[in-house]
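Values below: all heavy atoms of this structure, side chains included; hydrogens, waters and symmetry mates excluded.
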Amino acid sequence: MHRALSIAVPAASTDRLLADLAPLDAVIALSVSRGASVKPPGDVIVAHVLNDGADEVLRRVEALCPQFSVATSEVSAILDPDAHDRVLRDVDEALWEEIAAGLRHQIRVTPNFLGLMALGGVLASVGMTTGGTPQVLAFVAASIISPGFEPIAKVALGLVLRQRVALKLGAQAALAGYAVFVLTAGLTFLLLRWTGAATADDFTGNAELGRLAHPTAAEVLFSAAGALAGAVIMSAYRRSVIAGALVALVLMPAAATVGIALTLGRPDLAAEGLERFGLDALLVVGLCSLVFGIKQVAVHRRRPLL
């Protein structure tokens, strides 16, 4: 996908900005509507831009315009015979502003966010008392349903871009979301025991519990690959497959273990679950910070406008 940038600027800045953007190879089409912007008052410039030049366009907007408002959107295809080769060579990179906006939408602590985390806790709790295919399906479903990766990734983004607000929002969403997840996992296990659908032995004797407490090097590598994939997915604007990264991690089973163990009065097992949760969360923060840091140095080279 390429970009369409709708840029509202004061009329006094329009000609200077147009002159600065027109020579850029990444700007395939450029148009202006004089006096079209009511709020803020001024002109509207629309630029069809390749991904590899979107950062430069925003950099010049910020440098040349004392006031501006920019809206970004995806363009499915750009058809321009003169720019055919440049379009074919375009890269798959998301703008910092798009990454931040996507994460901000996903991690807002709303009833929807908390509801999805709660439902994930229910599914993961069921998974921790079963085995085989039902267990795998439960963990995969919990990982797809729960927005559990994004709050931790937001912490990494805040660290790399030195944005305290992003760091704070990510930490708050992670704490609130996983607190609800742990609580519902514990309550679900109590319900399963009360109905006779599960016993304490189904949990304490579950093979997955042993793997959580004593992960092998291969299992840690598996989690690391998931965390790294999540960072690349976000920075490459492939948001529709982010659930795959969470499936590869063990955040969901580990968080469910904490809730179930607390209902059984087993702080030792809860500590083991929390330890594994902490390991995977650190992998997400560390590897996302690594990828975002590389992207900042090699690709974006600017602070976001947000």
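Nearest heavy-atom pair across A8 and S37 is CB-OG, 3.6 Å. Looking at every heavy atom in both residues, A200 comes nearest to L264 through CB-CD2, 3.9 Å. Closest of all the heavy-atom pairs between T184 and G121 is OG1-CA, 3.6 Å. Contact between L161 and P304 at its shortest, heavy atoms only, is CD1-CG, 3.7 Å. In this structure, P151 and A174 approach most closely via the heavy-atom pair CB-N, 3.6 Å. What you find for A245 and G226 is that their closest heavy atoms are CB-O, 3.3 Å.
Using a 4.5 Å heavy-atom threshold, the side chains of L269 and F203 count as touching. Within the 4.5 Å cutoff, the side chain of T130 has no heavy atoms near those of the D202 side chain. Within the 4.5 Å cutoff, the side chain of E150 has heavy atoms near those of the M234 side chain. The closest side-chain heavy-atom distance from Q106 to K154 is not below 4.5 Å. With a 4.5 Å cut-off on side-chain heavy atoms, T195 and L191 count as touching. Using a 4.5 Å heavy-atom threshold, the side chains of L228 and V291 count as touching. With contacts defined as side-chain heavy-atom distances shorter than 4.5 Å, the pair F181/S125 does not qualify. The shortest side-chain heavy-atom distance between L192 and V126 falls under the 4.5 Å cut-off.
Going from atom CZ of R266 over to atom CD1 of I260 covers 12.5 Å, rounded to the nearest 0.5 Å. Distance check, rounded to the nearest 0.5 Å: CZ of R89 to CG of D25 gives 9.0 Å. Put simply, SG on C288 and CG on L159 are 10.5 Å apart, with the number rounded to the nearest 0.5 Å. The distance from atom SG of C65 to atom CG of L17, rounded to the nearest 0.5 Å, is 4.5 Å. With rounding to the nearest 0.5 Å, the separation of CD in Q163 from NZ in K168 is 14.5 Å. The OG1 atom of T263 sits 8.5 Å away from the CG atom of L187 when rounded to the nearest 0.5 Å.
In this structure, the side chain of S33 does not engage the main chain of A36 through any donor-acceptor pair within 3.5 Å. The backbone N or O of G35 lies less than 3.5 Å from a partner atom in the side chain of D43, making a donor-acceptor pair. Put simply, the side chain of Q296 gets close to the backbone of R302: a donor and an acceptor are under 3.5 Å apart. A distance-only check finds no donor-acceptor pair linking the side chain of Q135 to the backbone of G132 [under 3.5 Å]. Listed for the R3 side chain is no donor-acceptor partner under 3.5 Å among the backbone atoms of V75. Listed for the R211 side chain is no donor-acceptor partner under 3.5 Å among the backbone atoms of E219. Y178 places no side-chain N or O within donor-acceptor distance of the main-chain N or O of M252, the cut-off being under 3.5 Å. Here the side chain of S13 pairs no donor or acceptor atom with the backbone of V9 at under 3.5 angstrom. Side chain of N206 to backbone of M128: a donor-acceptor contact under 3.5 angstrom is found. Formation of a donor-acceptor pair under 3.5 Å by the E97 side chain with backbone atoms of L305 is found in this model.
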Give the intermediate values and the outcome of side chain to side chain contact (heavy atoms under 4.5 Å, CB included) for residues V258 and F277.
CA-CA 9 Å; V258 175; F277 178 87; 5.6 Å; no
Show your working on salt bridge (charged side-chain N to carboxylate O under 4.0 Å, His left out) between R276 and E272 and close with a plain yes or no.
CA-CA 6 Å; R276 184 57 197 275; E272 290 178 350; over 6 Å; no
Begin from the C-alpha positions of R60 and L24 and carry the test side chain to side chain contact (heavy atoms under 4.5 Å, CB included) through to its verdict.
CA-CA 11 Å; R60 297 190 181 201; L24 296 178; 3.4 Å; yes
Intermediate values then yes/no, side chain to side chain contact (heavy atoms under 4.5 Å, CB included), I78 and L50:
CA-CA 9 Å; I78 293 179; L50 300 182; 4.3 Å; yes
Give the intermediate values and the outcome of side chain to side chain contact (heavy atoms under 4.5 Å, CB included) for residues L95 and L58.
CA-CA 10 Å; L95 294 166; L58 293 181; 4.0 Å; yes
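Transitive grouping of hydrophobic side chains (ILVMFWY, heavy atoms separated by less than 4.5 Å) keeps I152 and I145 in distinct clusters. When hydrophobic clusters are built by joining Ile, Leu, Val, Met, Phe, Trp and Tyr residues whose side-chain heavy atoms come closer than 4.5 Å, directly or via intermediates, L183 is not grouped with V122. Residues V160 and V155 share a hydrophobic cluster, clusters being chains of Ile/Leu/Val/Met/Phe/Trp/Tyr side chains in contact below 4.5 Å. Residues F149 and L116 do not share a hydrophobic cluster, defined by chaining ILVMFWY side chains whose heavy atoms lie under 4.5 Å apart. One hydrophobic cluster holds both L246 and L114 under the rule that ILVMFWY side chains link at heavy-atom gaps under 4.5 Å.
A side-chain N or O of E98 and one of T72 form a donor-acceptor pair less than 3.5 Å apart. For N51 and H2, the side-chain atoms include no donor-acceptor pair closer than 3.5 Å.
With a 6.0 Å radius and a threshold of 12 heavy atoms from other residues, nucleotides or ligands, Q172 has its CD atom above the threshold. The neighbour count for R301 CZ, taken as heavy atoms of other residues, nucleotides or ligands under 6.0 Å away, is above 12. More than 12 heavy atoms of other residues, nucleotides or ligands lie within 6.0 Å of CZ in R34, so this atom counts as buried by the packing criterion.
Relative ring orientation between F292 and W96 is described as perpendicular, the plane-to-plane angle rising above 60° on a 0-90° scale split at 30° and 60°.
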